[in-house]
Amino acid sequence: MVPTSVSPPPLRPPQVNMQKYQVALCQLLVSPDKEENLARARARIEAAADAGAMLIVMPEIWSCPYSLETLPSDAEDIDGGASPSISMLSEVAAARKITIVGGSIPEKASGKVFNTCCVIGPDGHILAKHRKLHLFEIDIPGDIKFKESDAFTGGQEPTVVDTDVGRIGIGICHDIRFPELAMLYRSREKYFFPSSAFNMSTGELLWDLMQKSRAVDNQLFVATCSPARDPDAKPQYIIWGHSSLIGPFGEVLAAAGHEETTAIGEIDLSMIQSTRESLPLEMQSRGDLYRLVDVQRQ
Ligand SMILES: NC(=O)CCC(=O)C(=O)O
């Protein structure tokens with residue numbers, strides 16, 4: 001039996017330039033026309049920056065439809081510098097001097113396709129690239145069947161990145177279901193930004209619960225951004241929407257419905273410290289009793 005342990009490599013101390021700032025969740029309506037998606041995204045990011053947001057969070061798969069059939073042909077070569085979507089995000093980040101958690105786009109690399117989030121700093125450079133770790137598989141007879149691994153290969157590395165607006169742990173949608181990932185991020189003292197595209201079958205019951213659980217268990221901010229629900233979408237995968245910003249005490253600081261919109265809320269990093277002082281879960285934690293072990297599954 002092998003104990004599971006979380007032993008991240010040391011990070012440099014966070015260089016946070018802002019303790020309090022506005023974050024914008026750009027809940028975009030996505031169409032099959034990539035140029036149109038990029039133009040809509042640009043306009044929404046620029047408007048949010050003009051309204052004062054210093055951090056923008058984008059949805060999972062915002063540059064093209066979230067369709068297993070077309071994702072591979074919509075994939076872009078980020079490392080090869082042939083990614084119109086990431087170039088657009090870099091340009092806007094540099095022009096407005098903002099940080100962007102770039103949701104995700106399909107990325108092609110080494111003959112594979114990944115579901116990839118780029119984090120872009122205010123100089124327009126890519127600070128980090130996260131490839132979705134947990135691919136979504138679901139089969140509820142008569143309701144929904146979806147197998148993300150038909151289109152994507154899973155990533156191999158959790159991603160923690162230091163930005164001007166704090167140390168951020170990145171997740172993409174289904175990544176939020178795995179509490180160990182948020183625990184690992186919490187152990188590195190940061191907050192958690194999954195970009196998401198939950199569906200109607202699981203979204204109504206679980207989306208709000210998942211975000212609040214990850215925030216409250218770990219006493220950190222959780223910001224999620226979804227595409228808007230497309231009323232004309234094929235029944236295969238209808239997006240739930242409901243992007244939101246949850247505080248370390250479980251407070252809803254911003255929330256969208258299912259329509260195209262930008263939800264803006266305030267992150268005050270001092271709330272992490274004050275929540276942890278008021279409710280010192282870490283000190284109360286009985287780490288001496290919890291030991292996760294790999295068990296042989298039958
Ligand atoms: N795109 C996704 O990862 C969807 C995850 C989801 O809906 C879930 O229930 O988990």
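Just so you know, ligand 1 is whichever comes first in the structure, and atom 1 is the first atom listed for that ligand. Please read all numbers here as calculations on a predicted model, not as lab measurements.
Applying the salt bridge (Lys or Arg N to Asp or Glu O under 4.0 Å) rule to pairs touching residues 209-225 yields Asp208-Lys212, sequence neighbours excluded.
Close approach to Thr202 involves these atoms of ligand 1, each under 4.0 Å from a residue heavy atom: 6 (C), 7 (O), 8 (C), 9 (O). For ligand 1, the atoms sitting less than 4.0 Å from at least one non-hydrogen atom of Tyr237 are 1 (N), 2 (C), 4 (C), 7 (O), numbered in the order shown with element in parentheses. Taking every non-hydrogen atom of Glu60 and a distance limit under 4.0 Å, the qualifying atoms of ligand 1 come out as 1 (N), 2 (C). Distances below 4.0 Å separate heavy atoms of Ala197 from the following atoms of ligand 1: 1 (N), 4 (C). Shown in contact with Arg177 at under 4.0 Å from a heavy atom are these atoms of ligand 1, numbered in order with element: 8 (C), 9 (O), 10 (O).
Contacts between Phe178 and ligand 1 below 4.0 angstrom, taking non-hydrogen atoms only, are absent altogether. Contact annotation: for Phe136 versus ligand 1, heavy atoms closer than 4.0 Å belong to the side chain alone.
Rounded to the nearest 0.5 angstrom, Glu266 CD and Met271 CE are separated by 8.5 Å. Distance CG/Leu135 to CZ/Phe152: 8.0 Å, rounded to 0.5 Å. Here Ile144 contributes atom CD1 and Tyr237 contributes atom OH; the two are 6.0 Å apart, rounded to the nearest 0.5 Å.
The closest protein non-hydrogen atom to atom 7 (O) of ligand 1 is Asn199 ND2, 2.8 Å. Regarding atom 2 (C) of ligand 1, its nearest protein heavy-atom neighbour is Cys173 SG, 3.0 Å. Atom 3 (O) of ligand 1 has Lys132 NZ, 2.7 Å as its closest protein atom, hydrogens excluded (heavy atom only).
Taking 4.0 Å as the cut-off between side-chain N and carboxylate O, Lys147 and Asp139 do not count as a salt-bridged pair. For the pair Glu76 and Lys34, the salt-bridge criterion is met [side-chain N within less than 4.0 Å of a carboxylate O]. Salt-bridge check for Lys132 with Glu60: passed, with a basic side-chain N closer than 4.0 Å to an acidic carboxylate O.
Contact annotation: His134 has no heavy atom less than 4.0 Å from any atom of ligand 1.
Side-chain contact between Glu107 and Arg131 is present, with at least one heavy-atom pair separated by less than 4.5 Å.
Across the listed options Phe146, Trp240, Tyr66, Tyr66 owns the non-hydrogen atom lying nearest to atom 1 (N) of ligand 1.
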